[in-house]
Amino acid sequence: MKKVMVFGKPGSGKSTLSKRLANKLGLPLHQIDLMAYKPNGLAVERSQFEQVHSRLLCSESWISDGLGPISAFNQRLELADTLIYIDLPYSISYWLVTKRLFKSIYKKPEGWPEGCSVLKGTIESYKFLGRSRAFWNDDFFKVLQQKGKGKSIHRVKSLAELSELCTH
């Protein structure tokens, strides 16, 4: 594992898993949301994102956490050797987004951009979850398998599987 992608629906544990993997494997972690958003929560200029993202792509090894623009996602997909798709049921994703909001009262969520409103992010996550059934689905996984030929692909479909990945 030299180039690892961790991706999935909002609140699915991507940041927690990718941070643990980065520590375990000694690979640099690149959280896509931190590249794509300013501390005030507004998106960075596309050219600025592409410049930072390009440096990630040229790196010898990395773990990326998140989606970002589809074109950037596809670039990472092409270069990665390991794909970890966290595909928890939607009911669990909604619960985890809500849980993240409540926990944020005491502690900033993993991978959360400094200064960004967790409440505003939660509302956006709920909206994204509502729209994402058209993207995060079995058809997406079939395409992922085709594009990922020769790569190690992991599809995490339960909290138990996610927990197991986090501890190993």
**Item:** F128 six-ring centre to K9 NZ/CZ under 6.0 Å and within 45° of normal
**Value:** no
So which heavy atom on [X] is nearest to which on [Y], and how close?
X	Y	answer
T82	H154	CG2-CD2, 3.9 Å
S64	L56	CB-CD2, 4.4 Å
L57	Q75	CD1-OE1, 3.7 Å
M1	L25	SD-CD1, 3.8 Å

Distance, nearest 0.5 Å, that separates [atom1] of [X] from [atom2] of [Y]:
X	Y	atom1	atom2	value
S158	I92	OG	CD1	7.5 Å
L83	R76	CG	CZ	11.0 Å
S71	H53	OG	NE2	8.0 Å

**Prompt:** So, Y85 versus W136, ring centres under 6.0 angstrom or not?
**Reply:**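 Yes.
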Is a salt bridge present between [X] and [Y], judged by a nitrogen-to-oxygen distance below 4.0 Å?
X	Y	value
D81	K3	no
K120	E124	no
R155	D138	yes

**Prompt:** Hey, mind stepping through K157 and E161 against salt bridge (Lys or Arg N to Asp or Glu O under 4.0 Å) and telling me if it holds?
**Reply:** CA-CA 7 Å; K157 295 189 75 168; E161 290 176 25; over 6 Å; no
Is any side-chain heavy atom of [Y] closer than 4.5 Å to one of [X]?
X	Y	result
F73	I32	no
D33	L67	no
H30	S18	no
T122	T98	no
F7	L144	yes

Between [X] and [Y] (side chain of the first, backbone of the second, donor and acceptor by atom type, cut-off under 3.5 Å), is there such a pair?
X	Y	result
S12	G8	no
S104	L101	yes
E164	A160	no

**Message:** Side chains of R100 and S15: any donor to acceptor distance under 3.5 Å?
**Reply:** no
**Message:** Evaluate Y94 against S125 for side chain to side chain donor-acceptor pair (under 3.5 Å), listing each step before the verdict.
**Reply:** CA-CA 9 Å; Y94 277 103; S125 291; over 6 Å; no
**Asked** Should L21 and L27 be regarded as members of a common hydrophobic cluster, given that ILVMFWY residues are connected when their side-chain heavy atoms come within less than 4.5 Å of each other, either directly or indirectly?
**Response**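 Yes, L21 connects to L27 through the hydrophobic network.
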